[in-house]
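Worth knowing before you read on, the calculation uses all heavy atoms, side chains too, and leaves out hydrogens, waters and symmetry mates.
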Amino acid sequence: MSETTHDSASPREVPLAELAARHGLSVSGARPSLPQYARQLWGRRYFILAFSQAKLMAQYSQAKLGQLWQVFTPLLNAFVYFLIFGMLIGGRGGMDNQEYIPFLVIGVFIFTFTQQSVLSGVKSISGNLGLVRALHFPRASLPISFSLQQLQQLLYSMVVLVIIVVCFGHLPGWSWFLVIPVLALQLLFNVGLAMIMARLGSSTPDLVQLMPFVLRTWMYASGVMFPLRYMVQKAEDVPLWMADVLSANPAAVYMDLVRYAMIDGNYHDSVPMTTWWWALGWAVVVGVGGFVYFWKAEERYGRG
């Protein structure tokens with residue numbers, strides 16, 4: 001048979017993309033659509049919860065006091081802040097110990113929830129590259145797991161927090177149930193922020209070293225140790241509108257709402273209704289926005 005006849009008898013060459021589509025094949029590691037990604041995450045919900053619980057148990061496994069450090073660490077921080085801001089600097093804003101100590105402890109515990117979610121989120125991808133490269137799963141499972149780990153740690157700490165608040169004369173009331181929606185909104189905000197930081201940290205490892213300084217600045221600007229409005233009014237060179245700006249930042253919003261729910265006294269009446277709108281807005285914008293922002297780089301995690 002001649003070469004010309006052989007060429008004419010050969011089958012038509014099919015493009016690889018068309019051949020793959022014909023047999024239901026797709027690009028390995030390709031980013032799924034956003035609804036598909038959400039369904040994949042829901043399908044991994046048991047893995048996400050189990051992973052967060054395992055990380056929580058392993059966190060203090062080498063310490064003799066073990067899981068008690070979940071409570072001791074924020075309590076020791078609160079004690080140091082009480083000595084400096086409550087006694088030496090005079091930043092309690094006219095509150096006596098009966099009101100200031102619950103105010104301070106609530107602030108430390110609630111801010112630590114967000115702080116640790118950010119710190120664990122920023123290294124959730126870069127610190128687990130072996131897992132990311134070895135297994136196929138939606139990468140958002142990692143920052144979500146670390147945020148759930150911090151929520152569980154906060155819930156353990158809440159037992160001690162309740163005891164402290166009650167011991168200083170603030171008995172449980174119907175307003176305490178408001179803590180549940182506040183923590184739910186804060187969790188949604190923390191998850192979104194952890195996803196944002198996870199994507200940034202996966203491409204910029206040095207961000208892990210920078211974040212403690214950023215978070216420390218955020219803590220001082222959120223009124224963890226003192227009422228913001230009192231300190232702004234005390235400072236002569238700071239305009240009064242700055243207090244409104246600082247009070248609208250998410251860390252201050254969630255702290256104020258928990259304080260409003262659990263503390264009786266002058267502070268109880270100082271949180272405006274707009275704070276709830278800020279809490280909802282931050283949770284939706286950062287939660288949904290962080291999820292979409294993280295999903296857009298799904299196929300790049302663990303590569304390079």
Minimum-distance pair of heavy atoms, taken over all atoms of [X] and [Y]:
X    : Y    : answer
L246 : A252 : O-CB, 3.6 Å
R199 : R300 : NH2-NH2, 3.2 Å
G201 : L207 : N-CD2, 4.0 Å
I106 : R259 : CG2-CG, 3.7 Å
E99  : H170 : CA-NE2, 4.1 Å
W176 : A261 : CD1-O, 3.1 Å

Got a second to check how far [X]'s [atom1] is from [Y]'s [atom2], nearest 0.5 Å?
X    : Y    : atom1 : atom2 : result
S141 : L49  : OG    : CG    : 12.0 Å
L142 : M195 : CG    : CE    : 10.0 Å
Q152 : S147 : CD    : OG    : 11.5 Å
Y100 : D96  : OH    : CG    : 12.5 Å
F51  : Q149 : CZ    : CD    : 8.5 Å
I196 : F291 : CD1   : CZ    : 13.0 Å

Practice task
Identify whether NZ of Lys or CZ of Arg in R39 sits under 6.0 Å from the centre of the six-membered ring of W42 and within 45° of that ring's axis.
Solution key: no
Any side-chain heavy-atom pair from [X] and [Y] closer than 4.5 angstrom?
X    : Y    : answer
Q115 : Q150 : no
P172 : V166 : yes
F168 : I263 : no
L119 : Q116 : yes
S222 : M219 : no
L257 : V253 : yes
V286 : V191 : no
M262 : S175 : no

Problem - F47 CZ: over 12 foreign heavy atoms closer than 6.0 Å - result: yes
Practice task
Please say whether more than 12 non-hydrogen atoms of neighbouring residues, nucleotides or ligands are located less than 6.0 Å from CH2 in W278.
Solution key: no
Exercise for the section: Go through the side-chain N and O atoms of T114 and N190 and say whether any donor and acceptor fall under 3.5 Å apart. Expected result: yes
Handout entry: Stepwise side-chain contact (heavy atoms from CB on, under 4.5 Å) check, L183 with I110
Key = CA-CA 9 Å; L183 293 184; I110 298 302; 4.0 Å; yes
Handout entry: Trace of the side-chain contact (heavy atoms from CB on, under 4.5 Å) decision for Y260 with T275
Key = CA-CA 11 Å; Y260 168 83; T275 307; over 6 Å; no
Flag, side chain of [X] to backbone of [Y], donor-acceptor distance under 3.5 Å:
X    : Y    : value
Y156 : L151 : no
S145 : I48  : yes
E298 : P32  : no

Handout entry: side chain to side chain donor-acceptor pair (under 3.5 Å) between N249 and W218, intermediate numbers included
Key = CA-CA 9 Å; N249 95 75; W218 191 12; 2.8 Å; yes
Handout entry: Criterion side-chain contact (heavy atoms from CB on, under 4.5 Å) on V182 and W276, from CA distance to verdict
Key = CA-CA 9 Å; V182 173; W276 282 101; 3.5 Å; yes
Exercise for the section: Taking the six-membered ring for Trp and the single ring otherwise, decide whether the centroids of F103 and F226 are under 6.0 Å apart. Expected result: no
Practice task
Compute the centroid of each ring, for F113 and then for Y254, and state whether the two points are separated by less than 6.0 Å.
Solution key: no
Are [Y] and [X] connected in a single hydrophobic cluster, I mean Ile/Leu/Val/Met/Phe/Trp/Tyr linked by side-chain heavy atoms less than 4.5 Å apart?
X    : Y    : result
L104 : I163 : no
V284 : W282 : yes
L171 : V160 : yes
L83  : M225 : yes
L188 : L280 : no

Problem - Worked verdict on T112 versus V108 for side-chain contact (heavy atoms from CB on, under 4.5 Å) - result: CA-CA 6 Å; T112 300; V108 171; 4.0 Å; yes
Handout entry: Y301 and F294 aromatic ring geometry - parallel, tilted or perpendicular at 30°/60° bounds
Key = parallel
